[in-house]
A.B. asks: 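One structure is given below, represented as structure tokens, and several questions about it will come after.
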Protein chains: 2
Amino acid sequence: MTKTKPPQALSAADQKAAILREDRRVTSYDVAMLAGVSQSAVSRCFKPGASVSKATYARVMQAAEGLGYIPNAAARSLITRRSNTVALLISNASNLYYPEALSELSQQITRHGKRALLFTMQSESDVGEILNDVWQYQVDGVIAAAALSEAQIAECERRRVPLVVFNRHLRDSHVASVFCDQYEAGRMLAARLAAAGHRQFGIIAGPEESVVASERRRGASDKLLELGLPAPALAYGCFDYGSGAHGLRQIIAQLGRAPDAIICGNDVMALGCLDHARHELRLDVPGELSVAGFDAVEPSNWLSYNLTTLRQPIQKMALAAADLLASLIDAPCGGAEKRVFAPQLIEGATARLTPRPTALAA
Amino acid sequence: MTKTKPPQALSAADQKAAILREDRRVTSYDVAMLAGVSQSAVSRCFKPGASVSKATYARVMQAAEGLGYIPNAAARSLITRRSNTVALLISNASNLYYPEALSELSQQITRHGKRALLFTMQSESDVGEILNDVWQYQVDGVIAAAALSEAQIAECERRRVPLVVFNRHLRDSHVASVFCDQYEAGRMLAARLAAAGHRQFGIIAGPEESVVASERRRGASDKLLELGLPAPALAYGCFDYGSGAHGLRQIIAQLGRAPDAIICGNDVMALGCLDHARHELRLDVPGELSVAGFDAVEPSNWLSYNLTTLRQPIQKMALAAADLLASLIDAPCGGAEKRVFAPQLIEGATARLTPRPTALAA
DNA sequence: TTGTATGCGTTATCAT
DNA sequence: ATGATAACGCATACAA
């Protein structure tokens with residue numbers, strides 16, 4: 001009969017027996033047994049910077065390799081209180097801009113040795129229900145590309161889950177956040193277009209419940225008001241291509257004619273507006289009508305468009321968000337740092353950005 | 001002195017003490033204490049379909065509510081061997097097509113009560129390293145929008161992690177998968193264009209390491225060969241906009257003139273090719289040159305383009321993938337079901353799809 | 001450096 | 001229907 005520990009047992013046989021016979025997954029105990037060390041020794045081998053002798057490390061690693069052992073994150077997180085997981089809250093991608101953000105954020109989160117757990121939602125108003133799902137996963141932190149209410153932010157704090165708000169400026173609350181100043185961006189675009197001599201504006205704003213959309217709209221409106229220009233014609237869309245054409249028609253109906261310039265709440269609507277103007281209304285853009293958007297999504301740069309738009313430095317923002325969250329995770333005491341990025345004007349060729357030569361000059 | 005359990009103690013005080021005093025997170029024990037039941041009773045209340053009396057259920061839930069208790073998924077998964085998590089392997093989104101797939105897949109995974117853990121990679125060849133990360137998270141399953149090697153598939157099996165391959169047809173292996181037949185799609189497109197009288201073709205294929213890209217290319221090439229048409233001029237791109245222009249230039253250089261039709265490995269390259277042809281080479285598309293792509297990404301449908309392309313039913317595919325994985329998770333015995341979807345031709349207006357009126361007809 | 005023993009928070013098994 | 005108790009797989013304090 002084989003005793004429990006025959007000194008010269010075939011380790012290969014042991015291993016095969018352990019792994020093949022049972023349905024069980026291999027644990028650190030299995031590795032320990034095979035390597036002839038204690039379970040804690042195995043554990044230490046997988047903890048960077050733990051004190052293990054070279055010899056045991058080698059034997060443990062060999063055994064682990066042989067068994068295909070990988071530490072169980074669930075068990076580990078139970079004791080370390082770290083899941084190496086970050087919740088990524090993001091509203092659905094009809095925007096064509098979120099995919100880029102999503103990809104960048106995922107990338108950056110990975111750089112910090114964590115993985116993104118994806119929580120997509122149809123509308124930003126679904127955040128509430130989503131959050132309840134988030135908690136049980138014991139994420140180390142949350143990056144929210146959505147507007148949270150004060151109560152929701154408070155709950156994050158209460159649960160001691162670090163939170164970084166991405167691309168949303170929650171003015172009054174002191175939560176960590178990374179964003180472009182959309183209000184300022186709206187002002188900037190309006191100012192630039194006004195300086196070029198445009199007087200009658202149209203604005204195709206994004207959905208009313210979107211903070212980004214309303215900031216952009218407010219910024220533009222306020223600036224135009226300050227400059228003493230006529231009130232802009234206003235239409236609302238839902239950030240999609242079709243909204244651009246629809247918004248343009250509404251604005252023309254309101255004014256009885258095409259405006260001098262149209263500011264769209266994002267690029268996709270701007271492209272829709274542009275195409276409708278050019279291909280269906282036969283308007284000369286930018287000769288008769290200037291069109292501008294926000295985001296500098298990839299297609300805005302294509303030869304057929306070359307859209308005038310404001311770029312957000314998404315990559316830098318994603319980097320900042322991940323870094324900020326990581327620092328918050330490491331030192332939960334950290335204050336509510338806000339990192340503001342400046343949008344960059346892409347001049348493009350769909351808006352006239354210099355004054356027309358005047359008749360006087362002739 | 002207060003005893004351990006004073007019958008008429010202030011439950012509110014107890015609760016505050018428990019939650020405020022310590023840094024600890026609230027556990028089912030806390031809830032049990034507050035509700036005056038055993039911990040296992042609490043556990044049962046959070047398990048759908050367990051046998052609990054209405055009375056205790058109510059008291060437990062009230063206590064849980066008061067404490068903000070949420071079951072800890074890590075602890076749960078340790079014993080249930082379910083993390084309610086699915087790994088989503090996806091190569092980076094320069095493709096402009098993956099974002100849609102990603103969003104849909106996430107959506108559908110959620111429908112099954114699970115969440116997507118995101119593993120993005122720069123290139124499909126990174127799958128190997130990524131997989132090692134995947135295992136430790138104890139995911140319930142894997143959806144891979146990338147090509148896996150036989151060894152990698154075998155490892156999934158060995159670890160008993162259900163796997164569904166998305167949008168990749170691994171011909172020889174019997175792994176569960178959901179895909180369009182890209183080879184057939186390539187043939188279909190080539191056949192249709194050839195029937196319209198195009199003779200000299202150019203192909204701007206996607207990256208050589210992409211299975212999808214090479215299937216499309218092979219399909220088109222094979223069909224042209226079968227039809228006895230001249231060998232197509234071939235260029236390779238990396239699925240991005242710039243590759244379209246670059247590929248077109250290469251092909252023209254090879255042939256000494258523009259081909260009759262160009263088949264591009266995806267829409268983004270097709271749009272790049274189209275724009276280059278129209279705006280820089282001043283070619284009439286589809287008068288002098290037909291251009292077609294694959295995927296029917298959103299911009300392909302915009303007024304400026306109206307691209308001839310083949311649509312993949314991504315939503316249906318995502319639904320199928322999630323369902324398939326879910327069934328595999330519930331019944332690991334399941335065979336390697338494959339679900340093939342047919343691409344749908346979007347006729348568009350960038351390729352001539354009917355024969356030219358012949359001189360004879362005049 | 002190494003091994004022993006304990007606990008993380010839950011579910012599951014078994015009595016009652 | 002309910003409560004005691006034993007896992008689940010790992011990390012850590014402590015003793016050696």
Side-chain angles (χ1 to χ4, degrees), chain A residues 5 18-19 22-60 63-64 67-84 135-138 140 159-160, chain B residues 5 18-19 22-61 63-64 67-85 135-138 140 159-160:
Chain A
K5 274 206 168 185
I19 200 160
E22 313 199 39
D23 192 11
R24 251 187 36 222
R25 31 188 168 186
V26 316
T27 74
S28 52
Y29 278 100
D30 300 324
V31 178
M33 185 122 351
L34 185 59
V37 298
S38 74
Q39 180 269 330
S40 41
V42 176
S43 174
R44 278 190 283 263
C45 287
F46 283 89
K47 173 178 173 147
S51 86
V52 197
S53 76
K54 259 203 156 13
T56 50
Y57 181 84
R59 283 169 53 203
V60 165
L67 293 177
Y69 168 76
I70 304 252
N72 180 324
R76 167 181 290 170
S77 75
L78 204 53
I79 182 101
T80 60
R81 315 174 97 90
R82 281 279 144 86
S83 62
N84 286 334
W135 306 131
Q136 73 180 39
Y137 283 98
Q138 307 296 117
D140 295 341
R159 295 192 182 273
R160 295 201 172 37
Chain B
K5 275 207 168 185
I19 198 160
E22 314 200 40
D23 191 12
R24 252 187 35 223
R25 31 187 169 187
V26 316
T27 75
S28 52
Y29 277 100
D30 300 324
V31 177
M33 186 121 353
L34 185 59
V37 298
S38 77
Q39 181 271 334
S40 29
V42 176
S43 175
R44 276 190 285 264
C45 287
F46 284 88
K47 174 180 172 146
S51 86
V52 198
S53 76
K54 258 200 156 13
T56 50
Y57 181 84
R59 284 169 54 203
V60 164
M61 280 318 188
L67 293 176
Y69 168 76
I70 305 251
N72 180 325
R76 168 182 291 168
S77 76
L78 203 53
I79 183 91
T80 61
R81 306 165 155 251
R82 282 279 142 87
S83 62
N84 287 334
T85 280
W135 305 131
Q136 72 180 39
Y137 283 99
Q138 307 296 119
D140 295 341
R159 296 192 182 273
R160 296 198 171 39

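Each chain gets a letter, A, B and so on, in the order the sequences are listed, and its residues count up from 1. Because the structure is a prediction, the values reported are computed rather than measured.
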A.B. asks: Using a cut-off of 4.0 Å on non-hydrogen atoms, how would the nucleic acid contact of S51(A) be classed: base, sugar-phosphate, or nothing?
C.D. replies: base
A.B. asks: Taking the nucleotide of DNA chain D with the nearest heavy atom to each, does S38(B) or Y29(A) sit closer to the 5' end?
C.D. replies: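 The residue mapped nearer the 5' terminus is S38(B).
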A.B. asks: What is the first contacted nucleotide of DNA chain C and what is the last, in 5' to 3' order, if contact means an atom lying under 4.0 angstrom from a heavy atom of chain A?
C.D. replies: dT1(C) to dG9(C)
A.B. asks: Could one point to a donor on the side chain of Q39(B) or the base of dA4(D) with an acceptor on the other under 3.5 Å away?
C.D. replies: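 For Q39(B), whose side chain was compared with the base of dA4(D), there is no donor-acceptor pair (under 3.5 Å).
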A.B. asks: To the nearest 0.5 Å, tell me how far Q138(A) CD sits from R81(A) CZ.
C.D. replies: 9.0 Å
A.B. asks: Nearest 0.5 Å, what's the CZ-CZ distance between R159(B) and R25(A)?
C.D. replies: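 Reported to 0.5 Å precision, the distance equals 11.0 Å.
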A.B. asks: Hey, could you give me the OG/CG distance between S83(A) and N72(B), rounded to the nearest 0.5 Å?
C.D. replies: 9.5 Å
A.B. asks: Any base atoms under 4.0 Å from V42(A), or only sugar-phosphate, or nothing? Heavy atoms, all strands.
C.D. replies: nothing
A.B. asks: Could you give the CG-to-C1' distance, from N72(B) to dC8(D), as a whole number of Å?
C.D. replies: 13 Å
A.B. asks: Please state how far atom CZ in R59(B) lies from atom P in dA1(D), giving the value in whole angstrom units.
C.D. replies: 16 Å
A.B. asks: Has Y69(A) got a side-chain N or O lying under 4.0 Å from the OP1 or OP2 atom of dC10(D)?
C.D. replies: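 Result: yes.
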A.B. asks: When you check the phosphate oxygens OP1 and OP2 of dT2(D), does a side-chain N or O of T56(B) lie under 4.0 Å from one of them?
C.D. replies: yes
A.B. asks: Answer whether the closest heavy-atom distance between the side chains of V42(A) and V37(A) falls below 4.5 Å.
C.D. replies: yes
A.B. asks: Please report the distance, rounded to the nearest Å, between CG in L78(B) and C1' in dA11(D).
C.D. replies: 13 Å
A.B. asks: So what does T80(B) hit on the nucleic acid, given a heavy-atom distance under 4.0 Å: a base, only sugar-phosphate, or nothing?
C.D. replies: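 The answer is sugar-phosphate, as T80(B) gets under 4.0 Å only of primed atoms, P, OP1 or OP2.
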A.B. asks: At less than 4.0 Å, is any side-chain N or O atom of S40(B) found next to OP1 or OP2 of dA4(D)? Yes or no.
C.D. replies: no
A.B. asks: When we call it a touch if two heavy atoms are under 4.0 Å apart, what does S43(B) touch: a base, just sugar-phosphate, or nothing?
C.D. replies: base
A.B. asks: Between atom CG in L67(A) and atom C1' in dG9(D), what is the gap in whole Å?
C.D. replies: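 Spelled out: CG on L67(A) to C1' on dG9(D) is 15 Å.
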A.B. asks: Rounded to whole angstroms, how far apart are OH on Y137(B) and P on dC10(D)?
C.D. replies: 15 Å
A.B. asks: Ignoring backbone atoms, test whether R25(A) places a side-chain nitrogen or oxygen under 4.0 Å from the OP1 or OP2 oxygen of dG9(D).
C.D. replies: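 For R25(A), the contact criterion (side-chain N or O under 4.0 Å from OP1 or OP2 of dG9(D)) is met.
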A.B. asks: Less than 4.5 Å apart, any side-chain heavy atom of T56(B) and any of R44(B)?
C.D. replies: no
A.B. asks: Supply the atom-to-atom distance T27(A) OG1 to Y29(A) OH, rounded to the nearest 0.5 angstrom.
C.D. replies: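 So the gap between those two atoms works out to 7.5 Å.
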A.B. asks: Between atom CG in N84(A) and atom P in dA11(D), what is the gap in whole Å?
C.D. replies: 11 Å
A.B. asks: Roughly how many Å is it from CD in Q136(B) to P in dC10(D), rounded to a whole number?
C.D. replies: 11 Å
A.B. asks: Can a side chain N or O of R81(A) be found less than 4.0 Å away from OP1 or OP2 on dA11(D)?
C.D. replies: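 Answer no for this pair, as no side-chain N or O of R81(A) is under 4.0 Å from OP1 or OP2.
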A.B. asks: Check whether any side-chain heavy atom of V31(A) lies under 4.5 Å from a side-chain heavy atom of V60(A), and answer yes or no.
C.D. replies: yes
A.B. asks: What integer distance in Å separates I79(A):CD1 from dA13(D):P?
C.D. replies: 9 Å
A.B. asks: What I'd like to find out is whether the side chain of F46(B) reaches to under 4.5 Å of the side chain of M61(B), using heavy atoms alone.
C.D. replies: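 Contact flag for F46(B)/M61(B) side chains = yes.
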